[in-house]
Amino acid sequence: QVQLVETGGGLVQAGGSLRLSCAASGRTFSTYSVGWFRQAPGKEREFVAAIRRSSGMLYYTYYLDSVKGRFTISRDNSVNTVYLRMNSLKAEDTAVYYCAARLLDGTYSLWTEYPYWGQGTQVTVSS
């Protein structure tokens, strides 16, 4: 089992940047795939980015089309942390951002397939 804690959210002007961190407990965190999701008021939870571990211990990254080129997901297994660097932020990026982890492979963009979740961090982009 793994526990996740997100930090790094806040209020930023449009065009600005933030870096979210997802710190995990557990000695085997490197074996987990991790996704970032977001949920805006009145909207469904939405996939943002994922870093998926393959069977060969390689990592692959995936992004929502609207954040490609602006957001970057990365991880540092030495400190059990996954990051989401967000540049050129837009008002429509405003949401609560959650990180989630999974051990088994599957559809990386489906939030229902991730059993472990953080508490979320608010990102507000002012226009």
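In the displayed structure, Glu44 atom CD is contacted under 6.0 Å by at most 12 heavy atoms of other residues, nucleotides or ligands.
Here the side chains of Val82 and Trp36 are in contact, with some heavy-atom distance below 4.5 Å. Using a 4.5 Å heavy-atom threshold, the side chains of Val125 and Lys90 count as separate. Residues Thr7 and Thr121 are not in side-chain contact: their nearest non-hydrogen atoms beyond the backbone lie 4.5 Å or more apart. The shortest distance between side-chain heavy atoms of Met86 and Arg70 does not fall below 4.5 Å. Taking the side chain as every heavy atom from C-beta outward, Tyr98 and Trp111 never approach each other to under 4.5 Å.
Pairs engaging residues 112-124 under the salt bridge (charged side-chain N to carboxylate O under 4.0 Å, His left out) rule: Arg102-Glu113 [sequence neighbours left out].
Residues Tyr83 and Trp117 do not share a hydrophobic cluster, clusters being chains of Ile/Leu/Val/Met/Phe/Trp/Tyr side chains in contact below 4.5 Å. Tracing side-chain contacts under 4.5 Å through hydrophobic residues (I, L, V, M, F, W, Y), one reaches Tyr59 starting from Val48; they form part of the same cluster. Cluster annotation: Val5 and Val123 are assigned to distinct hydrophobic clusters (Ile/Leu/Val/Met/Phe/Trp/Tyr, side-chain heavy-atom contacts under 4.5 Å, transitive).
Judged purely by distance below 3.5 Å, without hydrogens or angles, the side chains of Gln3 and Ser25 pair a donor atom with an acceptor atom.
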Stepwise side chain to side chain contact (heavy atoms under 4.5 Å, CB included) test for Val34 and Phe29: CA-CA 9 Å; Val34 176; Phe29 181 64; 3.6 Å; yes
Side chain to side chain contact (heavy atoms under 4.5 Å, CB included) assessment of Phe37 paired with Tyr114: CA-CA 11 Å; Phe37 295 81; Tyr114 288 78; 3.5 Å; yes
Test log, rule side chain to side chain contact (heavy atoms under 4.5 Å, CB included), inputs Tyr108 and Tyr60: CA-CA 10 Å; Tyr108 59 84; Tyr60 298 93; over 6 Å; no
Residues Tyr62, Phe47; criterion side chain to side chain contact (heavy atoms under 4.5 Å, CB included); working and verdict: CA-CA 10 Å; Tyr62 307 88; Phe47 165 77; 4.1 Å; yes
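Closest approach of Tyr97 and Leu84 over heavy atoms only: CD2-CD2, 4.2 Å. Nearest heavy-atom pair, Ala91 versus Ser127, reported as atom, atom and distance to 0.1 Å: CB-CB, 4.2 Å. Across all their heavy atoms, Ala101 and Val2 have their closest contact at CB-CG1, 4.1 Å.
Of the candidates Thr94, Asp93, Val96, Asp93 is the only one forming a side chain to side chain contact (heavy atoms under 4.5 Å, CB included) with Arg38.
How far CZ of Arg85 is from CD1 of Ile73: 14.5 Å, rounded to the nearest 0.5 Å. Here the CG-CZ distance, from Leu58 to Arg52, works out to 10.0 Å after rounding to the nearest 0.5 Å. Put simply, CG on Leu89 and OG on Ser126 are 10.0 Å apart, with the number rounded to the nearest 0.5 Å.
Panel note: side chain Ser33, backbone Arg53; a donor-acceptor pair is recorded below 3.5 Å.
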